[in-house]
Student: 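Before anything else, here's the structure in question.
Chain letters run A, B, ... following the sequence lines, proteins first and then strands; every chain starts at 1. The figures that follow rest on heavy atoms only: side chains count, while hydrogens, waters and symmetry mates do not.
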2 protein chains.
Amino acid sequence: MNENQYHHGDLKKELIVQGIKLMNDVGLEKFSLRKVATMCGVSHAAPYKHFENKQTLIQAMNVYINDSFVNTMKQVVESYVDDPLTQIIELGKTYVSFMVENPDYFHYLFIGNFRFEIQISESSVCECENSYDIFRESAVAALMYLNRPKEEFTEDIIAMWAMVHGLTTMLVTQTIKKEDGYLNLVDSILRTKLSFFNVI
Amino acid sequence: MNENQYHHGDLKKELIVQGIKLMNDVGLEKFSLRKVATMCGVSHAAPYKHFENKQTLIQAMNVYINDSFVNTMKQVVESYVDDPLTQIIELGKTYVSFMVENPDYFHYLFIGNFRFEIQISESSVCECENSYDIFRESAVAALMYLNRPKEEFTEDIIAMWAMVHGLTTMLVTQTIKKEDGYLNLVDSILRTKLSFFNVI
DNA sequence: TACCAATGTTAACACTGTAAACATATTTGA
DNA sequence: TCAAATATGTTTACAGTGTTAACATTGGTA
């Protein structure tokens with residue numbers, strides 16, 4: 001396709017990419033469709049050929065980020081298929097570090113899941129819709145490995161995910177300071193929980 | 001003061017109250033200063049005599065809600081001054097149930113702390129600025145009561161708060177379903193953690 | 001090649017945040 | 001007591017926004 005073309009090529013995707021960039025720069029409050037359009041070198045009404053409205057674009061941005069998050073998680077799962085305990089711990093670390101390193105993504109996923117309908121990517125190859133499902137699946141494997149009673153699975157999994165997500169929140173919102181060894185905290189907390197299972 | 005008066009009486013406070021109401025109804029995206037002004041029966045520029053801009057009003061709404069949350073927490077603390085273990089557990093339950101019953105408040109505090117500067121209420125009588133401080137203080141008492149090693153306080157407190165906040169998040173975002181006995185979950189998770197301390 | 005759907009532009013609208021100039025009420029102090 | 005100062009409200013104006021409708025251009029396809 002040409003350089004100075006009337007048609008853009010893949011405007012839909014660039015709207016998402018530039019949209020995320022803009023959101024990072026100016027925040028939700030000052031995020032505007034017209035700015036995104038300008039960033040893509042396109043008239044302010046062009047986005048409406050690809051998205052119903054502003055909310056729909058933001059949703060698409062959410063899906064885009066969620067996919068990238070989910071894929072990162074899946075990679076970790078695949079790296080430790082034969083070691084359930086290490087797997088769930090590394091998964092926890094990845095969960096936390098991904099969000100700490102991309103605090104804006106935390107906003108999107110969070111705010112997005114709140115304010116708008118949750119929408120699942122169709123393009124995603126992943127059979128798990130979201131990060132919680134991946135985490136849960138890994139947790140189940142670890143609990144089975146530890147011969148935990150099945151009737152307590154639910155509570156154990158919730159406790160573990162809650163710790164990981166809660167810790168993430170504290171770090172991203174700077175309720176606690178992000179020191180160099182913050183990942184050891186994840187390790188330690190999850191390991192305590194897991195070894196607690198083991199001892200009993 | 002008169003009924004059909006030129007001056008409103010206490011516009012500043014009503015802007016906050018109506019602002020919260022509007023935010024509950026339409027969400028952040030459609031929240032507008034002009035609507036709030038209309039709800040207060042006042043011209044669209046009147047709010048600028050009380051708040052610098054839209055963000056400042058939203059901040060004030062955050063502070064208002066945070067105060068109400070903190071006060072609720074403080075009441076619990078006072079109800080169990082002589083029983084540190086029950087206190088921290090009840091505090092956890094209150095934390096969760098307050099947010100589950102007021103999911104919009106969860107948004108405000110969360111988004112507010114993210115998007116804008118954290119601003120502490122001047123009017124609050126409470127010496128603790130935020131809910132985390134209250135939770136931490138209570139947790140410290142419980143840990144001392146259990147004779148936990150002081151060098152592990154930090155990690156223990158983080159683990160407990162993370163669980164409570166993480167669980168709250170799961171319930172509010174409906175990652176897990178809010179069943180009738182959801183508060184027992186808080187009880188159970190925290191109690192497990194605390195009795196774990198005790199056993200060792 | 002001629003049409004058609006896809007994708008872009010331009011123009012228009014109502015609504016928004018914000019500022020400036022103006023109006024009225026309340027407080028203050030000689 | 002009552003004018004002046006201050007606090008609080010209104011009106012007007014403007015640039016930026018989301019969204020729609022009418023129009024223009026392109027690329028693919030019958």
Student: Could you pick out which residue, A/K30 or B/R34, lies toward the 5' side of DNA chain D when each is mapped onto its nearest nucleotide?
Tutor: B/R34
Student: Over all strands shown, is B/K54 touching base, sugar-phosphate only, or nothing at heavy-atom distances under 4.0 angstrom?
Tutor: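 Touches sugar-phosphate only.
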Student: Evaluate the ring-ring contact (aromatic ring centres under 6.0 Å, His included) criterion for residues B/F98 and B/F69: first the C-alpha distance (whole Å), next the side-chain angles of each, then the deciding distance (0.1 Å), finally the verdict.
Tutor: CA-CA 8 Å; B/F98 184 95; B/F69 183 43; 4.8 Å; yes
Student: A/L15 CG to C/dT7 P: how many Å, rounded?
Tutor: 12 Å
Student: Could you give the CG-to-P distance, from A/L22 to D/dG18, as a whole number of Å?
Tutor: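 A/L22 atom CG is separated from D/dG18 atom P by 10 Å.
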Student: Taking 4.0 Å as the cut-off, does a side-chain nitrogen or oxygen of A/H44 come that near to OP1 or OP2 on C/dT10?
Tutor: no
Student: Start with the C-alpha distance between B/S188 and A/E155, add both sets of side-chain angles, then the distance that settles side chain to side chain donor-acceptor pair (under 3.5 Å), and finish with yes or no.
Tutor: CA-CA 9 Å; B/S188 171; A/E155 190 173 316; 2.3 Å; yes
Student: For the residue pair A/N53 and A/T56, confirm or rule out a side-chain donor-acceptor distance under 3.5 Å.
Tutor: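 Their side chains do contain a donor-acceptor pair, which is all the 3.5 Å distance test asks for.
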Student: Go through C/dT7, D/dT11, C/dA21 for me and flag the one nearest to the B/S43 side chain.
Tutor: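 The closest nucleotide is D/dT11.
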Student: Send over the distance from B/I58 CD1 to C/dT18 P, rounded to a whole Å.
Tutor: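 Distance, rounded to whole Å: 10 Å.
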Student: On the nucleotide C/dT16, are OP1 or OP2 found under 4.0 Å from the side-chain N or O atoms that B/S32 carries?
Tutor: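 Result: yes.
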Student: In whole Å, I'd like the distance from the NZ atom of B/K35 to the P atom of C/dC15.
Tutor: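 Distance, rounded to whole Å: 10 Å.
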Student: Quick one: which of B/Y95, B/F106, B/Y182 gives a side-chain contact (heavy atoms from CB on, under 4.5 Å) with B/V100?
Tutor: B/Y182
Student: Rounding to an integer number of Å, can you tell me how far A/L28 CG sits from C/dT16 P?
Tutor: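 Computing the A/L28:CG to C/dT16:P distance gives 17 Å.
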Student: In whole angstrom, give the distance that lies between atom NZ of B/K12 and atom P of D/dG9.
Tutor: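 Taking NZ of B/K12 and P of D/dG9, I get 12 Å after rounding.
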Student: Hey, which of these two, B/F31 or A/L11, hits DNA chain C nearer its 5' end, going by closest nucleotide?
Tutor: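 Closest to the 5' end, via its nearest nucleotide, is A/L11.
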Student: Between B/D133 and B/R136, does at least one N-O distance fall below 4.0 Å, as a salt bridge requires?
Tutor: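 Looking at B/D133 and B/R136, the cut-off is met.
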Student: Expressed in angstrom and rounded to an integer, what is the separation of A/N53 atom CG from D/dT17 atom P?
Tutor: 17 Å
Student: From the options C/dG8, C/dA12, D/dG9, select the nucleotide whose nearest atom is closest to the side chain of B/A46.
Tutor: D/dG9
Student: In whole angstroms, how far is the P atom of D/dT8 from the NZ atom of B/K13?
Tutor: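 Taking NZ of B/K13 and P of D/dT8, I get 16 Å after rounding.
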Student: Counting side-chain heavy atoms from CB outward, which of C/dA21, D/dT20, C/dG8 is closest to A/H50?
Tutor: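 The answer is C/dG8, which lies nearest to the side chain.
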